[in-house]
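In what follows, chains carry the letters A, B, and so on, assigned in the order in which the sequence lines appear, proteins first and then strands, with residues in each chain numbered from 1.
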Number of protein chains: 2
Amino acid sequence: MSRPTIRDVARHAGVSLKTVSRVINGEASVRDDTRERVQRAIDELDYAPDQAARNLRGATSHALGLVYDNPNPYYVISVQNGVLAACRDQDFGLQIHPCDSNAPDLADELRELVGHARLAGLVLAPPMSERMELIRYLAEHGIRFVRIISAAEDPADGYPCVYVDDRDAAYDITEHLIQLGHQRIGFLWGGAEHRSSPERFKGYESALKDYGIPLDKKLVIPGDYSFDDGFRGARRLFALREPPTAIFGSNDEIAAGVLAAAKANGIDVPYELSIAGFEDSPFSRQSWPALTTAKQATEDIARHAALRLIAELKPAGSGVIHLNRGFSPQLVIRDSTARVRTTAP
Amino acid sequence: MSRPTIRDVARHAGVSLKTVSRVINGEASVRDDTRERVQRAIDELDYAPDQAARNLRGATSHALGLVYDNPNPYYVISVQNGVLAACRDQDFGLQIHPCDSNAPDLADELRELVGHARLAGLVLAPPMSERMELIRYLAEHGIRFVRIISAAEDPADGYPCVYVDDRDAAYDITEHLIQLGHQRIGFLWGGAEHRSSPERFKGYESALKDYGIPLDKKLVIPGDYSFDDGFRGARRLFALREPPTAIFGSNDEIAAGVLAAAKANGIDVPYELSIAGFEDSPFSRQSWPALTTAKQATEDIARHAALRLIAELKPAGSGVIHLNRGFSPQLVIRDSTARVRTTAP
DNA sequence: GGTGCGCTTGACAACGTTGTCAACTTGCAC
DNA sequence: GTGCAAGTTGACAACGTTGTCAAGCGCACC
């Protein structure tokens, strides 16, 4: 009736509990024929180890936490699915933990989370992953983690991460606009608490520089990763004496806001104004016209991060060196960007 | 260094382990002064029970599973946050479990999930919550659950649920369109595997009937809860000899597809065509024009469902009778619906 | 004063796994 | 054949909690 335990498997295979445990955990010192016998017993009984018991006993628990504070459900779901794929693959549990990145006692909250649910480690999404004081606190308290961060290169700060080269992708988007003939390109910033924001700006800046286009500060508007700030920012740009012919919104939501503002002002996209976003959210495909953007392999990135953490967790001194891996978003050209019109239609 | 255990609390309060356990679990037979003393010790030591140990020993574990298969991240995140709020409140863990509702061995998969992670029960989102054969299977195998379903009234089938009256809300939306003067109102169905689809259709149907408008089958298009089906469905409606003056998409994604199709065909919204959606997804606010829709209190609904499940889990024979609770989405009027134009502009 | 009952409390085992450590087996050099 | 190291296996305790059961206490009742 009830699920089989390791005891049943041991009896079935004619070995001790401990040997079964060794097979389950892939430990080295088990003879091949014994291992096979045990494996067969496991398969026959359809045995799966009990998470709770496993986490209770071990110095090594089998559960991760995923910490995020992101208003964008598309991003969050992608990260969840990626981490979950890794956890299922490795037979780990996952405790999701949305939080407020500005909470004053976030560090304690996370420590409590780890203790309470006996988590082996945390996957940290931005912006938590980019708070160095938090990172140091966790490290000092012996909490294992991996960060998903925005960086043009490996930060090599001794703390594990997977990094996304937003700068490079933002460069590509800006370059695409320049190659369409645009010289006045507006830039709408994302939220200051995300490192991706300055990274994306740097990409924009450096593409302009490489093509000899001076940076006009009036074309650069601060804001948040939100539709509303996109809308407002766009209206400020439209009101300029010399408005831009293209606008690069730091993410798709901002770009959607720009699109709405353009519609509201009767500006035709893309013939009077080109718009580019960032992220490849589903609605970048579902707006009209569909948005040019940069596609992040978020699910893959997250899966990688979790696998990296799990691998690092395993045997302390296996001698394996784990490297931080980088990902680059890819330019996706759709219908919201077009060659700049040279004369009135 | 390490976290305090129930043993530390017992020593601190000068009582036995078991008494502390009783206080933690809110059992009745503890004298008030003892309870207070223990509670003080708990507070002073900042003690929190260990989930893994708790789940291991008990017939009653302290973890729920959330099962969903929904392409809409806004919906999923809302459900997650609602269930999570309940779990945090009640000191439960949560294992999320996205799945494929069409997988042939889903029932086994869920049984394995419950066993593997020692879950006390499952919160089932649509469409899993609406598969009666799955529901019966779970019940037969002693797996506790609560369903979030679409229904105009309590199904009273003996299995616990929280129900959402999509029919009523769809009636309101249709009525709103009729009151704006629309007589030819297109309807785009959602996915057939979701009970909300026929429910929303029934609301549409019955509003038409109440206002004496004959149902024209050419105006009713089958499809899925997706942007693409909204786009395609709208184009089929536009091609009719007598196209509709308003279109009711079964959710916001469909409505966004309709909006895009209208733009693509140069049809002005709302002056030439009114569009309504359903769900109040953020992008219903972020499209241009913003969509008229029905607002579901998804997070609240999910929180309720989880609390209901947890309450039912507790003492077997407490004599409390738990009732299924219903929720009604509310009409939200925005800019995508307008009075029908009587003459050409 | 003894009996029985209800309320409160505690001793102890048990949940299913892994860590520790010791014992056994095998292979190989002497 | 002996000695020794490496490889393999098992007995047992332990993780932190809850379920079971029985004991202690006070009180009402005969």
What's the NE2-C1' distance between H116(A) and dG16(D), to the nearest Å?
13 Å
Separation of dC15(D) atom P from H62(A) atom NE2, nearest Å, is 18 Å
Between dT18(D), dG16(C), dT9(C), which one does the side chain of T34(B) approach most closely?
dT9(C)
Rounded to whole Å, the CG-C1' distance (N55(B) to dG16(D)) equals 12 Å
Ranking dT17(C), dG16(D), dC15(C) by distance to the side chain of L56(A), first place goes to dG16(D)
Closest to the side chain of S29(A), out of dT9(D), dG19(D), dT9(C), is dT9(D)
Rounded distance in Å - CZ (R57(B)) to P (dC12(C))
16 Å
Using only modelled atom types and a 3.5 angstrom limit, is any donor from either the side chain of R54(A) or the base of dT17(C) paired with an acceptor on the other?
no
Round to a whole Å and report the spacing from CG of D50(A) to C1' of dG16(C).
6 Å
What is the distance, rounded to the nearest whole Å, between atom CG of D91(A) and atom C1' of dT17(C)?
13 Å
Between E27(B) (CD) and dT17(D) (P), how many Å, whole number?
15 Å
Here the distance between atom P of dT18(C) and atom CZ of R118(A), to the nearest Å, is 14 Å
Rounded to the nearest 0.5 Å, how far apart are CG of D105(A) and CZ of R111(A)?
11.5 Å
Measuring from atom CG of L110(A) to atom CG of L106(A), what distance do you get when rounded to the nearest 0.5 angstrom?
4.5 Å
Pairwise side chain to side chain donor-acceptor pair (under 3.5 Å) hits with a residue in residues 89-98 of chain A, at least two apart:
Q90(A)-K314(A), D91(A)-H116(B), H97(A)-E109(A), H97(A)-R88(B)
Where does the angle between the aromatic ring planes of Y159(B) and F145(B) fall among parallel (under 30°), tilted (30 to 60°) and perpendicular (over 60°)?
tilted
When you look at I135(A) and L124(A), which way does the side chain to side chain contact (heavy atoms under 4.5 Å, CB included) test go after all the steps?
CA-CA 9 Å; I135(A) 296 302; L124(A) 302 173; 3.7 Å; yes
Using 30° and 60° as the class boundaries, would you call the ring planes of H304(B) and F327(B) parallel, tilted or perpendicular?
perpendicular
Worked verdict on Q80(B) versus I77(B) for side chain to side chain contact (heavy atoms under 4.5 Å, CB included)
CA-CA 5 Å; Q80(B) 282 184 356; I77(B) 290 282; 3.9 Å; yes
Contact check, residues 5-25 of chain A vs DNA chain D, heavy-atom distance under 4.0 Å, returns V15(A), S16(A), K18(A), T19(A), R22(A)
